[in-house]
Each structure stands twice: as C-alpha cells, then as structure tokens.
Amino acid sequence: MGSTYVRSFTSDPPPDDSDDSCLCDSAGSDEEYLPKPGYDESSSESDMSSSEEENVPKPDGDGSSSEEEVVTTSGQAARQKQKRPNKEKVAWKTVKQTQSSAKNVPMWQGALPDNVSRLPIEYFRQFFDTELLTLIVNQINLYSTQENPNHALKLDQKELEQFIGTVLYMSVIRLPCSRIYWSNACRVDQVADMMPRDRWEEIKHCIHFSDNTAPNNSDRLFKIRPLIDSLLPKFQALPQEQMMSIDEQMVPFKGRSVLKQYILKKPYKWGYKIFVLCDTKGLVHSFDVYAGKSNPPPGSQDVGASRNVVLKLAQVIEGSVNHLLYFDNWFFSLDLFVALAKRGIPALGTVWQNRLRDCSFSKDETLKKKGKGTFEEPVAVSDMGDMGSRPGRHFI
C-alpha cells in the first residue's frame with residue numbers, strides 16, 4: 001500500500017485560500033474551525049460538547065448545588081462521555097532522513113483515452129441529453145399551468161435550448177441587468193435575436209425541475225434533485241487523471257435560503273456551498289451540494305462531518321490504479337487516511353500538528369539550528385501496517 005503524506009503546521013496558521021466554514025446551517029466565522037491550542041481530534045466528533053460544558057449549572061450562592069442541578073450535570077457528563085469515546089493511542093516511529101523519504105509516488109496503473117476533439121454543442125449534449133431536456137420542459141410547462149391555467153407557457157425543447165444558450169452567453173458577456181441585452185443602446189444580437197425579451201423573462205420565471213406538489217420527504221434539495229440525479233452520473237463517468245483534489249466551491253447567491261452559507265475570504269462570500277472532486281485541469285468528476293448535514297456513504301464508517309464528504313466523493317475513484325487524492329486541513333483525520341488506505345487510495349493533505357494524536361515534533365528553534373531543508377518524518381502504525389499515515393514537518 002502506498003504511503004500517505006501529510007504536511008503539518010506548528011506555528012501561526014498560514015494563509016488559507018480555502019477558508020472553510022463550519023458544517024452548520026448558520027454562518028460562522030473562520031476562527032470557529034481553526035484548531036485551538038491543546039486541541040484533540042476526538043473533540044471534533046461532537047459539535048454539542050462545548051455548548052454542553054458551558055451550560056453546566058453553576059453552584060448556588062452558598063457554594064452548594066441543588067439536587068436537580070446535580071442530576072442534570074451528571075446526565076450531561078454521561079452524554080459527553082458517550083459522545084467522546086476514548087481514542088486509542090497512535091504509535092509513531094521516526095523515519096531515517098533520506099532524500100527519497102516520503103517522496104515515493106505510486107505508479108499510476110490507469111490511462112486516459114486518446115484525445116477526441118468534439119464540438120462544443122456535442123459536449124453540451126453529453127450532459128443535457130434529450131431525456132433531461134424533456135424533463136425540464138415538462139416541469140416548466142406544469143408549473144406555468146399550476147400558476148396560471150389560463151395562460152400556458154407551451155415551451156418546447158428547441159426553445160429551451162435557445163434559452164439555455166442565451167444564459168450561457170450572458171455568463172460570458174456580462175451586463176448589469178438582463179434587460180440591457182435588448183436595449184437600443186447596448187443591444188447584444190446573440191441574445192436579442194434569439195427570442196423576445198418578455199418571452200425570455202417568462203421562461204426564466206417558470207424554470208422548474210420538479211413538481212412542487214410532490215412529496216419531498218424532507219429533502220432540502222428536492223427542487224433540483226432530478227437535475228442532480230441526471231448530471232452526477234455523467235460527471236462521474238468522465239475519464240479520470242491520476243491526481244484528484246477535493247475542496248468546496250461557492251455558487252454566489254444573496255437571496256433567502258436555508259442552504260445559503262457565508263465564508264469570509266472567498267471571492268463570493270455568500271452563496272451555496274458545493275463540495276467537488278476535480279482533477280489537475282479543473283474538470284469536475286463528482287460533486288455534493290451541502291444541505292446541512294454530511295452522512296457517511298452506505299457501508300462506510302462515520303469519521304466525522306467533513307471527512308464523510310471525502311469518503312462520499314471518493315467513491316468514484318478506482319482504488320486499484322493508484323490515484324492520488326489531495327485535500328486541505330479542514331478534511332484531515334487519521335481515521336480518514338486509514339479508511340482511504342483500505343480502499344487503495346493514497347492521499348496527501350495539510351494538518352495542524354495538534355490534530356495528530358500522540359505525535360510530537362522538534363521545536364521550531366531546533367529545526368532552525370539544523371538549517372534549511374531539514375525535515376522530520378514520523379510514521380503512524382495502523383492496522384494497515386507501517387504505511388498508515390506519514391506526516392512530515394519541514395523547515396524551508
């Protein structure tokens with residue numbers, strides 16, 4: 001099994017462009033998910049633990065607590081003990097420093113198909129096929145009939161394709177307002193000649209992908225679920241390169257929605273958060289729209305909210321051809337690396353040192369005295385053998 005390399009940080013946190021937010025419905029600041037001094041990985045398994053400690057009843061003025069308070073406190077302590085199981089100690093051993101240490105990249109056993117040039121319209125129809133376009137047309141016409149039975153939209157597939165084409169063109173040639181594309185001063189022929197402005201706005205108003213009257217079974221994404229179910233397998237079927245990465249992407253949106261998230265240092269701070277699996281060219285191979293909770297995929301161990309995202313997206317990665325998976329410190333967990341190693345997926349990520357259980361490095365002053373290029377490399381012994389996790393700390 002290939003080794004798993006992790007870079008750890010010990011001093012002040014470096015700038016992080018990803019600037020991940022917490023997995024919660026309400027918007028949180030960036031400081032909420034940065035590890036605190038003395039942070040233990042087991043404490044992240046329950047978001048309720050810190051709030052429960054703050055709500056423990058305080059003694060009365062005379063220094064004694066009531067019987068009710070004692071019962072409540074003991075009950076909270078029992079729940080904390082249940083939610084925070086004692087983690088098994090991790091055995092680490094130091095690796096002898098060599099030039100090839102922690103740099104052996106597994107040989108990729110896969111291969112990409114020969115380059116086949118296709119027209120943009122052919123690539124578009126690979127995702128928006130006839131079945132999906134028919135579904136969208138039916139749902140738009142259904143909604144327009146439900147809203148106003150006396151004025152049916154009567155949309156067809158050709159007109160829907162024209163509407164999508166204008167929307168794609170508007171995303172490239174951007175103007176402050178959609179009506180400007182039909183104005184005399186700033187008229188854009190590629191949009192205005194396609195359909196009248198009022199017809200375009202009418203189609204936009206009626207865009208739907210599912211029946212509003214159908215039961216949604218508490219699915220927060222039920223309005224776009226048919227669209228996701230159609231597109232996701234098509235992304236997952238794309239040929240994969242060796243190196244893959246998992247991170248989150250913001251879809252800008254400032255309207256009212258329970259799914260809206262806020263990430264401070266993102267280019268678009270407000271919007272929908274989508275976790276994506278990409279390759280080195282930025283091509284998306286899988287995605288997961290954040291809807292308030294992250295459960296593990298069926299048959300997988302629950303390794304925590306953010307780590308479950310990695311396991312879910314990594315299901316499409318073939319474990320026998322040595323793909324390399326990358327992610328940042330927000331997804332990191334020793335349990336996650338072991339779970340990926342069991343699937344045959346070598347991984348690399350960043351991590352704060354205080355998230356490495358029972359692992360210690362030399363102090364910064366000691367590394368500085370040894371000169372630039374000095375590094376330390378311990379190996380975690382797991383049930384996979386000596387190659388379970390291989391973090392390294394470098395002085396550059």
Side-chain angles (χ1 to χ4, degrees), residues 108-143 153-175 178 181-182 187-197 199-204 206-210 221 223-247 249-252 272 274-289 312-318 321 323:
W108 188 36
Q109 305 297 327
L112 292 175
D114 296 335
N115 291 330
V116 179
S117 59
R118 288 185 295 176
L119 296 175
I121 186 61
E122 296 175 341
Y123 192 77
F124 170 81
R125 293 189 186 280
Q126 178 179 347
F127 295 91
F128 284 82
D129 52 18
T130 303
E131 182 180 357
L132 177 58
L133 292 175
T134 302
L135 171 67
I136 298 175
V137 168
N138 293 337
Q139 293 300 327
I140 290 178
N141 289 329
L142 175 62
Y143 176 76
L153 188 62
K154 297 180 181 180
L155 180 70
D156 56 25
Q157 180 175 328
K158 180 180 179 180
E159 194 174 19
L160 175 62
E161 290 180 340
Q162 293 173 342
F163 173 83
I164 296 177
T166 59
V167 173
L168 293 176
Y169 195 87
M170 289 177 177
S171 67
V172 178
I173 309 299
R174 298 193 176 188
L175 295 178
S178 61
Y181 291 89
W182 286 269
R187 191 177 192 274
V188 179
D189 296 338
Q190 289 81 355
V191 175
D193 292 344
M194 191 59 59
M195 65 175 61
R197 183 198 65 188
R199 179 64 176 178
W200 187 91
E201 291 182 343
E202 191 176 14
I203 297 175
K204 178 185 175 183
C206 295
I207 284 289
H208 268 70
F209 305 100
S210 64
L221 300 174
K223 286 195 173 185
I224 59 171
R225 181 61 64 187
L227 181 64
I228 294 176
D229 293 342
S230 176
L231 293 179
L232 188 58
K234 299 167 186 174
F235 281 105
Q236 295 174 347
L238 295 176
Q240 299 177 358
E241 295 186 344
Q242 181 183 17
M243 297 183 181
M244 313 286 287
S245 175
I246 291 178
D247 207 346
Q249 180 179 6
M250 293 294 291
V251 178
Y272 300 110
I274 302 179
F275 299 103
V276 292
L277 172 68
C278 298
D279 59 18
T280 56
K281 294 182 175 63
L283 189 64
V284 175
H285 292 273
S286 186
F287 64 89
D288 183 37
V289 182
K312 185 174 182 179
L313 296 180
Q315 291 182 106
V316 301
I317 299 178
E318 178 62 40
V321 295
H323 282 286

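Heavy-atom basis, side chains included; hydrogens, waters and symmetry copies ignored. Every value quoted in this text rests on a predicted model; they were computed, and no experiment measured them.
Counting only residues at least two apart or on different chains, the side-chain hydrogen bond (donor to acceptor under 3.5 Å, both in side chains) pairs with a member in residues 121-136 are Arg118-Gln126, Arg125-Glu161, Asp129-Lys234.
Leu155 and Leu160 make their closest contact through CD1-N, 4.0 Å (heavy atoms, listed as atom of the first residue, atom of the second, distance). In plain terms, the two heavy atoms of Phe209 and Pro226 that are nearest each other are O-CG, 3.2 Å. In this structure, Val321 and Gly110 approach most closely via the heavy-atom pair CB-N, 3.8 Å. When all heavy atoms are compared, the tightest approach of Val316 to His285 is CG2-O, 4.5 Å. In terms of heavy atoms, Gln240 sits closest to Gln236 at NE2-O, 4.3 Å. When all heavy atoms are compared, the tightest approach of Lys223 to Ser210 is CA-OG, 3.3 Å.
For the pair Ser286/Leu232, a side-chain contact is recorded, criterion being any heavy-atom separation below 4.5 Å from C-beta on. With contacts defined as side-chain heavy-atom distances shorter than 4.5 Å, the pair Ile274/Asp288 does not qualify. Taking the side chain as every heavy atom from C-beta outward, Asp156 and Val137 never approach each other to under 4.5 Å. Here the side chains of Asp193 and Val188 are not in contact, with every heavy-atom distance at 4.5 Å or above. Proximity of Asp247 to Leu277: side-chain heavy atoms (C-beta onward) are nowhere separated by under 4.5 Å.
The side-chain hydrogen bond (donor to acceptor under 3.5 Å, both in side chains) search around Lys281 returns Glu241, not counting sequence neighbours. For Pro252, the side chain to side chain contact (heavy atoms under 4.5 Å, CB included) partners are Tyr268, not counting sequence neighbours. Every residue two or more places apart in sequence or in another chain was checked for a salt bridge (charged side-chain N to carboxylate O under 4.0 Å, His left out) with Asp279, and none qualifies. The ring pair (Phe, Tyr, Trp, His ring centres under 6.0 Å) test applied to Tyr181 returns no partner, not counting sequence neighbours.
Note: Phe235 and Phe287 meet the aromatic proximity criterion, with ring centroids under 6.0 Å apart.
Note that CD of Gln242 is 11.5 Å distant from CD1 of Ile317, once rounded to the nearest 0.5 Å. To the nearest 0.5 Å, atoms CZ (Arg197) and OG (Ser178) are separated by 9.0 Å. Remark: Leu153 CG to Cys206 SG distance equals 5.0 Å, nearest 0.5 Å. Between Ile207 atom CD1 and Ile140 atom CD1 the span is 3.5 Å, to the nearest 0.5 Å. To the nearest 0.5 angstrom, Ile121 atom CD1 is 11.0 Å from Phe128 atom CZ. Gln157 CD to Leu133 CG: the interatomic distance, rounded to the nearest 0.5 Å, is 4.5 Å.
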side-chain contact (heavy atoms from CB on, under 4.5 Å) between His323 and Trp108, intermediate numbers included: CA-CA 7 Å; His323 282 286; Trp108 188 36; 3.7 Å; yes
Evaluation steps, side-chain contact (heavy atoms from CB on, under 4.5 Å), between Met194 and Gln190: CA-CA 7 Å; Met194 191 59 59; Gln190 289 81 355; over 6 Å; no
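The pair Glu202-Arg199 counts as a salt bridge, with a side-chain nitrogen and a carboxylate oxygen less than 4.0 angstrom apart.
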Determine all donor-acceptor pairs shorter than 3.5 Å in which one atom belongs to a side chain in residues 162-173; sequence neighbours excluded.
residue	atom	partner	partner atom	Å
Thr166	OG1	Phe163	O	2.5
Thr166	OG1	Trp200	NE1	2.9
Ser171	OG	Leu168	O	2.5

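Looking at Gln139, its side chain never comes within 3.5 Å of a backbone N or O of Ile136 through a donor-acceptor pair.
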